[in-house]
Amino acid sequence: MRNSEIAAYFNELADLLEIQGANPFRIRAYRNGARTLESTKVELTRMVEEDFDLTELPGIGDDLAEKIVAIVQTGELKQLTELREKVPTGVVDMLRIPGIGPKKVHTFYYELKIDTLEHLKQAAEAGELAKIKGFGKKTEQAIIEGIDSLDLTNLRFYLAEAKTYADEICDDLRKLKSVKQAEVAGSCRRRKETVGDLDLLVTSSDSGEAMDALANHSLVTKVLARGDTKQRVRLTNGIELDLRVVPDESYGAALLYFTGSKEHNIVLRRRAQDRDLKLNEYGLFQGDKLVAGKTEEEVYKTLDLVWVPPELRENWLEFGFEEAGQMPELVELEDIKGDLHMHTTASDGTASIEEMAEAAKKQGLKYIAITDHSKRVTMANGLDGKRLLKHWEEIDRVNEATKGIDILKGIECDILEDGTLDLEDDVLKEGDWVIAVLHYGLKQPRKQIMKRLMTAIQNPYVHMIGHPTGRLILKRPGADIDMDEFLQAAADHGTLVEINAHFSRLDLNEVHAAAAKEKGIPIVINTDAHSPEGFNVRQYGIYQARRAGLTKDDIANTRTWAQMKKLMK
DNA sequence: GCCGTTTTCGGCCCGACTGTTTTCAGTCG
């Protein structure tokens, strides 16, 4: 069972208790506990197995610890089962309507006996709700529209998509006369894999101008709310964006506040309290006196901390780095010297070897490996041994004729469902760079998956395991891998591992990448480009590595090819 | 329900916006 699943039990429990009108602090305790579990990077199942004292986790006391053990061991939680019987699912669904929270749902269910979304909508349409004290026409309208658009909300978006929209709007707001500073904040600035909504921060002498410009922006379809300092809009792709306008002297504090994460900020706020200070989005205050706030650095410094790169602000690694006095210099896009995973027209790419090499050269790369698919991937016109050897001859010819970049003979070789490799060893050994990957049979049981990975890792000609879990973000989970065993084997046999930079893969993820670093495994960041434009996703791989706290040294392809070879078997 | 060398009881991060209000509750991030 995944940690997020266990957290979901507590969140559901909190929802149900909230509708019932239970003690709000008790509810918050469950939510805090759930948040802790979601951000706990070690598997709880394992912690329970190993009898780890769960109350050492923040926000987990005797009661929640006991409940976690029960969930792990029995797959259910008695209290939750009981509550579910008392509150129908239709009532819980009402919480998903924007602007509707537990108090209103409580009224709907306990006073009006409404227990499905459908009935709620009918009641709103019939004007039944406006008869209750505290409710009016607007609330009814919000409910009708909210229920209609329920399927559209709660969506998450790829970082790549969200960031493109946010950057364009941010750049346009920066051009306004009254705008001094503008920055994208929130999970987008932290470079999370997916983004739920966007946060944009602006300092301006005239908040009206910025808000008007946003309201009239070509990417905005609707203004959802507007006040003096805050405006919420919906963009053409459905994502919602919050604009906040703050005074210039509060810029740093506001950027910190709106970048989050919530967990990171809570630590900062507690730290402020310990020093008899108060931290909010307007600054760090001693009583009413502003003591810091213009820049993020200033706020951190006043709290006796060094500045934390946004990618690390998850209350996971960063405060450990602070304590050790070693905030790492995270890897940057410019550090990358080579790209070792890409396709050409020989399989399912859209460009020739020459075109890929030219595009790579323009990006400042010194070497690339052409790694087309092997024959198992028939859909992509994968190569058999014979075609591959000819393809490699062609690569050698192009390499001879091309100046300024080295083109290596590579292959993305499938690890077949039965655990063998898609190509023979005496073919693989002729190449410069062999990637082994899982594409098929991802749903096999852990034991079988591990057997396949072990074969590949132990093969003397396999240099790297590509996109190890095979997950596709927002689409499908990856294979069930014992990550610890996998990484240990990779370390033992000198097989490198990949962070695949495509925004729908980002595989390894930050937790696995940090674990790989722990074991001293060099990580390779590759684009898996299928066209020259495909190189543009490299930044997302870099972000993922940064979120894992990785430096230039941890990434193999920040080295020259000659240096990199020394890391390989 | 959690937490703590100020506390084992009495607190719990904090501010903005909306809608329904004549001073505030509910919701959200």
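A note on names: the letters A, B, ... follow the listed sequences, proteins ahead of strands, and every chain is numbered from 1.
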Nearest-angstrom distance from the residue atom [atom1] of [X] to [atom2] of [N]:
X       : N       : atom1 : atom2 : result
L129(A) : dT20(B) : CG    : P     : 11 Å
L77(A)  : dG1(B)  : CG    : P     : 12 Å
L277(A) : dC14(B) : CG    : C1'   : 16 Å
D15(A)  : dC28(B) : CG    : P     : 11 Å
R26(A)  : dG11(B) : CZ    : C1'   : 18 Å
L83(A)  : dG1(B)  : CG    : P     : 12 Å
D63(A)  : dC3(B)  : CG    : P     : 11 Å
F10(A)  : dG1(B)  : CZ    : P     : 11 Å

**Study point:** Salt-bridge present (D507(A), R471(A); N to O < 4.0 Å)
**Key:**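 So D507(A) does not pair with R471(A) through a salt bridge.
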Check your understanding: Does the distance from a Lys or Arg side-chain N to an Asp or Glu carboxylate O, for R2(A) and E38(A), drop under 4.0 Å?
Key ->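 Between E38(A) and R2(A) there is no salt bridge, as every charged N stays at least 4.0 Å from the carboxylate O atoms.
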Is any side-chain N or O of [X] closer than 4.0 Å to OP1 or OP2 of [N]?
X       : N       : answer
K278(A) : dG15(B) : yes
T139(A) : dT18(B) : no
Y30(A)  : dC12(B) : no
N280(A) : dG15(B) : yes

Check your understanding: Would the F108(A) and F135(A) ring centres measure less than 6.0 Å apart?
Key ->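 Judged by ring-centre distance (under 6.0 Å), F108(A) and F135(A) do meet the cut-off.
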Exercise for review: Apply the test side-chain hydrogen bond (donor to acceptor under 3.5 Å, both in side chains) to residues R234(A) and T221(A): give CA-CA distance (whole Å), side-chain angles for both, the deciding distance (0.1 Å), then the verdict.
Suggested key: CA-CA 6 Å; R234(A) 182 176 294 129; T221(A) 57; 5.7 Å; no
Review point. When only distance counts, do a donor and an acceptor, one from the side chain of Y257(A) and one from the base of dG15(B), lie under 3.5 Å apart?
Key: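 Check fails, no donor-acceptor contact within cut-off.
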Atom of [X], atom of [Y] and distance for their closest heavy-atom approach:
X       : Y       : value
D93(A)  : L117(A) : CB-CD1, 3.8 Å
R313(A) : L256(A) : NH1-CD1, 3.6 Å
A545(A) : V331(A) : CB-CG1, 3.9 Å

Which of these nucleotides, [options], is closest to any side-chain atom of [X]?
X       : options                   : answer
K138(A) : dT20(B), dG15(B), dT27(B) : dT20(B)
D197(A) : dG1(B), dG29(B), dG15(B)  : dG29(B)
Y282(A) : dC2(B), dG15(B), dC14(B)  : dG15(B)
R28(A)  : dG29(B), dG1(B), dC12(B)  : dC12(B)

Point to revise | Residue met sooner reading DNA chain B from 5', once K104(A) and K137(A) are mapped to nucleotides | key: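 Counting from the 5' end, the first nearest nucleotide belongs to K137(A).
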Point to revise | Earlier contact from the 5' end, DNA chain B, for D242(A) and K262(A) | key: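 Nearest-nucleotide comparison on DNA chain B picks K262(A).
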Base, sugar-phosphate alone, or nothing: which one does [X] contact when heavy atoms must sit under 4.0 Å apart?
X       : value
L64(A)  : sugar-phosphate
P24(A)  : nothing
I132(A) : nothing

Exercise for review: Using Watson-Crick or G-U wobble geometry with both distances below 3.5 Å, tell me the partner of dC14(B), or none.
Suggested key: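 Pairing partner: dG29(B).
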[N] versus [M] - spacing of their [atom1] atoms, nearest Å:
N       : M       : atom1 : result
dT27(B) : dT20(B) : P     : 13 Å
dT23(B) : dT18(B) : C1'   : 15 Å
dC14(B) : dC9(B)  : P     : 25 Å
dC12(B) : dT5(B)  : P     : 16 Å
dG10(B) : dG15(B) : P     : 25 Å
dT6(B)  : dG11(B) : C1'   : 13 Å

Check your understanding: After noting the C-alpha distance and the side-chain angles of E332(A) and K552(A), does the key distance pass the salt bridge (charged side-chain N to carboxylate O under 4.0 Å, His left out) rule?
Key -> CA-CA 7 Å; E332(A) 295 184 25; K552(A) 185 177 173 179; over 6 Å; no
Practice item. Go through residues 220-233 of chain A and report each residue with a non-hydrogen atom lying under 4.0 Å from DNA chain B, sorted by number. Key: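 Those residues are A225(A), R226(A), G227(A), D228(A), T229(A), K230(A), R232(A).
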Review point. Are Q544(A) and E193(A) linked by a side-chain donor-acceptor pair shorter than 3.5 Å?
Key: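 Side chains of Q544(A) and E193(A): pair found under 3.5 Å.
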